[in-house]
Amino acid sequence: MPAVPESLSGNQIRDKFLNFYAARGHQILPSASLVPEDPTVLLTIAGMLPFKPIFLGQRTPEFPRATTSQKCIRTNDIENVGRTARHHTFFEMLGNFSFGDYFKEQAIAYAWELSTEVYGLPSDRIVVSVFREDDEAFKIWRDQIGIPPHRIKRMDEADNFWASGPTGPCGPCSELYYDFHPELGDDNLDLEDDSRFIEFYNLVFMQYNRDAEGNLTPLAKKNIDTGLGLERMAQILQKVPNNYETDLIFPILKKAADIAGIDYATADEKTKVSLKVIGDHSRAVVQMIADGITASNIGRGYILRRLIRRVVRHGRLIGIQGVFTPEVAEAAIALGEGAYPNLRDREASLKAELQREETRFLETLERGEKLLAELMEKNPKEIPGRDAFILYDTYGFPLELTQEIVEERGITVELPGFEAAMEEQRVRSQAAHETIDLTVQGSLDKLAEHIRGTEFLGYSEPVTTSEVTVILMGGNSVESATSGDRVQIVLDKTPFYAESGGQIGDRGFLSGQDSLVRIEEVKKESDFFVHFGRIERGSISVGDRITAQIDRACRRRAQANHTATHLLQAALKLLVDEGISQAGSLVDFDRLRFDFNCPRPVTPEELKQVEDRVNTWIAEAHQAQVETMGLTEARAKGAVAMFGEKYADEVRVIDFPGVSMELCGGTHVSNTAEIGAFKIVSESGVASGVRRIEAVAGPAILDYLEVRDRVVRELSDRFKVKPEEICDRIESIQGELKSTQKQLEALKAELAIVKSDQLLSDAESIGEFKLIVANLGEVDAESLKTAAERLLQKLGNGAVVLGSVPSSDKVSLVAAFSKEVNAKGLQAGKFIGAIAKICGGGGGGRPNLAQAGGRDPNQLKQALETATAQLKDGLQ
């Protein structure tokens, strides 16, 4: 056995894995983006995900063997991060893959050689598992590798049979476990004991296809899909108690501890958990932002925002008060940039995104603290668990922080309600992120082994003669369809551009000798172009030769808008900020939308300059140069790529020399003059640090101008003014309306005062106190408050509770109590908040004056009667 170093660094473990398999005929491929091509998952959650089309037989592999170190994100077990030795949101999965080449025997031999000879793991410390029915794998481990039978554990389907879903590719697994405590002996080995064993390598033998009835059919080409956890192997080889104390993560923990003034070694367990969360999540967020994800309230952006907020929360828990995430991010960048250079390339924008998100969240935390104060006012004994969960989920308050604050006031938190709400969220998260659905394409998956992908000819040929290879109706494959049927059709070749890169798919027609299909949209599923449409005449069958023809007018509109998008990005970089990068786009037939990373709004002056510059480039008639070249060459020439987008080794470059050069697979004009004109319609913010420009170009401008002209004519006729006088007329009307509104509000206030003064004679005496409880009708909330304050001032020592119904679905309530009433233990805030619940609302305020609201006016009478009874009881 060759000499193995005492301890390997994380980077060395990664390199040794890749080099081991490269020496055995595997092509080393770069990690795919965390933003997957697969639309069924939000993030890349497994090392095999980039190879999904190959495993489904929809794409021919370029190499029979491959090896990768794939960055992955999973959040379904987020609550375990930092609390167990090896749960993470971000992790690297080292994998070796065989696409119909070698199978079980060779995969097992490679895994054993790598584990024992390259990484130097003692053979007597490795225990393996196999699927209970996989006698073949059991015999290979026992007879060829030499593992004693009692150290080969047969396990059930739940543990050792991998499936993509109810149907599709599947197969048994074999897993390698490292034994931390061999001194405990081999009797009754329990691989579920994670204090003794850690699974570090999983070998998936993808050998079957499962149909809808559950039948297993051997695949024509059997595949190998494996995963070795980099962080887990680092823990084993570096002899540390958990993944977090490896050199892959610990420097981030150390940086956070230094900022907080903490010594990790002597910190208590709660503090260590917070530091581990910061370390894990910091790795995740820098990788996500570097791959083009920005924080938002939906999709991937929501996951990023949630992780950033957990970092900030745990920073607060260990005593960090100021903004610190950019500083911690620097440690994460330094650790990862060797394997992922884009981290350093995106350093400035990455840290700026973290700075913005953390600053915004700190403001949210302040609002959460105010909400907690209100909850303590309403619940003097116990905070409802679901309210505590809202604090946790919406405002970033961990349960421990809420408990710590309320305990100072002798208040507890109702834990069962909190746990129930947490479990509901956990179930939703697992449902959204836990599985990889390889069968979303239904019938296409089943047919993938029998048909070839679609050849796209649409860059140069608007019309082609094609063969119908697949017809789908309702997701089911059929041999033919007739007039009136809605169908999805796959052709062997097509001129139709499929929706991709933000550009909408082409429209047009498929026509046969006596048939006509109107195509309304085209989408790409792996290597297949799926044409969605309706048969307008005749019938169509698999195998038919048809003419496929795009709607050229629609194509010209899309081309104009798409090229205009490129020119827009170039103008923004030139005139606003050279650091601007694309964050998304939409190219439609009648408009374009361009999202871009920018920390501030674009000023009206800058928008005018950008619009003028684009129109200048259009008028200058720049000729397009379209080339296909290597990705490295394209980047060296300065071609702009979209962050987070996955590109092949060969890329298509759209170059308007001196103006714009981008990697793009879309359709474009051959000369900018074909666009005609460009007009910005709006600029707005869509997420933190992300702006959006909507615009029109080419023929779509005429449609836009026609609508604007019609609106101007209608306003001019309605106001009886010239078009240029419309703005002045509207401003005058607004002034008149504002003045009238003020007069109305003053009259309402006077009416409330008149009504309230009439109540003085009806004040009820309760001992030394005066009491008024009344409904003032349709009075608004502000006037109600004014009336209550005036009444209390005239009463002197007493209590006033007023209600009103300012609209059909709204109740307003106010309570005003004198100091003497407060001395009796009655506080306006608590009192009126409880009364408002009767009307389906809530509220609160100071002990002497408080307002509340509700949504059920029908319950106002009952609420005021309850208020009267409670006041009389409290003032006796």
Side-chain angles (χ1 to χ4, degrees), residues 31-36 38-50 70-93 227 229-232 242-244 248-249 252 273-315 325 328-329 332 336 350 353-354 357-358 361 389-390 392-399 418-419 421-437 644 687-688:
S31 172
S33 169
L34 286 172
V35 180
D38 186 343
T40 68
V41 287
L42 285 176
L43 295 161
T44 299
I45 59 175
M48 57 72 61
L49 191 62
Q70 177 61 52
K71 52 191 178 183
C72 303
I73 294 280
R74 291 184 191 172
T75 59
N76 50 300
D77 287 324
I78 193 170
E79 294 306 320
N80 290 323
V81 171
R83 302 182 185 278
T84 68
R86 53 194 74 102
H87 273 98
H88 299 290
T89 55
F90 173 83
F91 58 95
E92 290 184 67
M93 189 60 73
L230 175 61
E231 293 79 8
R232 296 187 177 198
N242 56 71
N243 294 359
Y244 298 95
L248 292 166
I249 306 176
I252 309 174
V273 168
S274 288
L275 288 168
K276 291 173 183 176
V277 170
I278 293 171
D280 170 85
H281 289 7
S282 294
R283 290 207 308 164
V285 300
V286 299
Q287 293 282 1
M288 292 174 75
I289 298 172
D291 276 357
I293 300 171
T294 56
S296 70
N297 289 327
I298 58 172
R300 303 180 188 99
Y302 172 75
I303 294 173
L304 174 61
R305 175 164 287 167
R306 185 182 180 201
L307 292 176
I308 294 173
R309 291 187 170 191
R310 281 174 60 87
V311 171
V312 178
R313 286 201 336 259
H314 282 276
T325 53
V328 174
L350 193 157
E353 173 80 355
L354 288 171
E357 274 299 301
E358 183 172 5
F361 182 47
F389 180 76
I390 291 172
Y392 162 78
D393 193 49
T394 304
Y395 296 95
F397 273 63
L399 177 62
F418 181 90
E419 292 298 334
M422 178 70 77
E423 181 60 26
E424 289 170 9
Q425 186 200 61
R426 189 178 292 117
V427 170
R428 288 193 299 268
S429 177
Q430 289 175 339
H433 303 295
E434 195 171 51
T435 61
I436 304 170
D437 183 4
S688 176

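Under a 3.5 Å cut-off, the side chain of N80 and the backbone N or O of H87 do not form any donor-acceptor pair. Counting only distance, with no hydrogens or angles, the side chain of E92 and the backbone of L230 share no donor-acceptor pair below 3.5 Å. With hydrogens and angles ignored, the 3.5 Å screen pairs a side-chain donor or acceptor of R283 with a backbone N or O of F90.
Here the CD1-CG distance, from I252 to L275, works out to 11.5 Å after rounding to the nearest 0.5 Å. If you take CD1 on I303 and CG on L34, they are separated by 10.5 Å, rounding to the nearest 0.5 Å. With rounding to the nearest 0.5 Å, the separation of OG1 in T294 from CZ in R300 is 10.5 Å.
Between D280 and I249 the shortest side-chain heavy-atom distance does not fall below 4.5 Å. By the 4.5 Å heavy-atom criterion applied to side chains, V311 and V328 are not counted as neighbours. For the pair T75 and L43, the minimum side-chain heavy-atom distance is 4.5 Å or more. Side-chain contact between E357 and L304: absent, with no pair of heavy atoms (C-beta onward) separated by less than 4.5 Å. Counting heavy atoms from C-beta on, the side chains of R232 and F91 never come closer than 4.5 Å. Side chains of K276 and N242 form a contact here, defined as non-hydrogen atoms less than 4.5 Å apart. Two residues are said to be in side-chain contact when any heavy atoms from C-beta on lie closer than 4.5 Å; L307 and M288 meet this criterion.
When all heavy atoms of V277 and G82 are compared, the pair lying nearest together is CG2-CA, 4.5 Å. Residues C72 and M93 share a closest heavy-atom pair of SG-CB, 4.2 Å. Residues L350 and A329 share a closest heavy-atom pair of CD2-CB, 4.3 Å. Scanning all heavy atoms of the two residues, the minimum distance from A46 to Q70 falls at O-CG, 4.1 Å. Residues T89 and A284 share a closest heavy-atom pair of OG1-CB, 3.6 Å. Minimum interatomic distance between H314 and S274 (heavy atoms only, all atoms of both residues): ND1-OG, 2.9 Å.
Applying the side-chain hydrogen bond (donor to acceptor under 3.5 Å, both in side chains) test to S282 and every residue at least two apart in sequence or in another chain returns nothing.
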What do the steps show when you test D291 against T44 for side chain to side chain contact (heavy atoms under 4.5 Å, CB included), and what is the final call? CA-CA 11 Å; D291 276 357; T44 299; over 6 Å; no
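Under the 30°/60° scheme for interplanar angles, the aromatic rings of H88 and Y244 are found to be tilted.
The pair R86-E231 does not count as a salt bridge, with every side-chain nitrogen at least 4.0 angstrom from each carboxylate oxygen.
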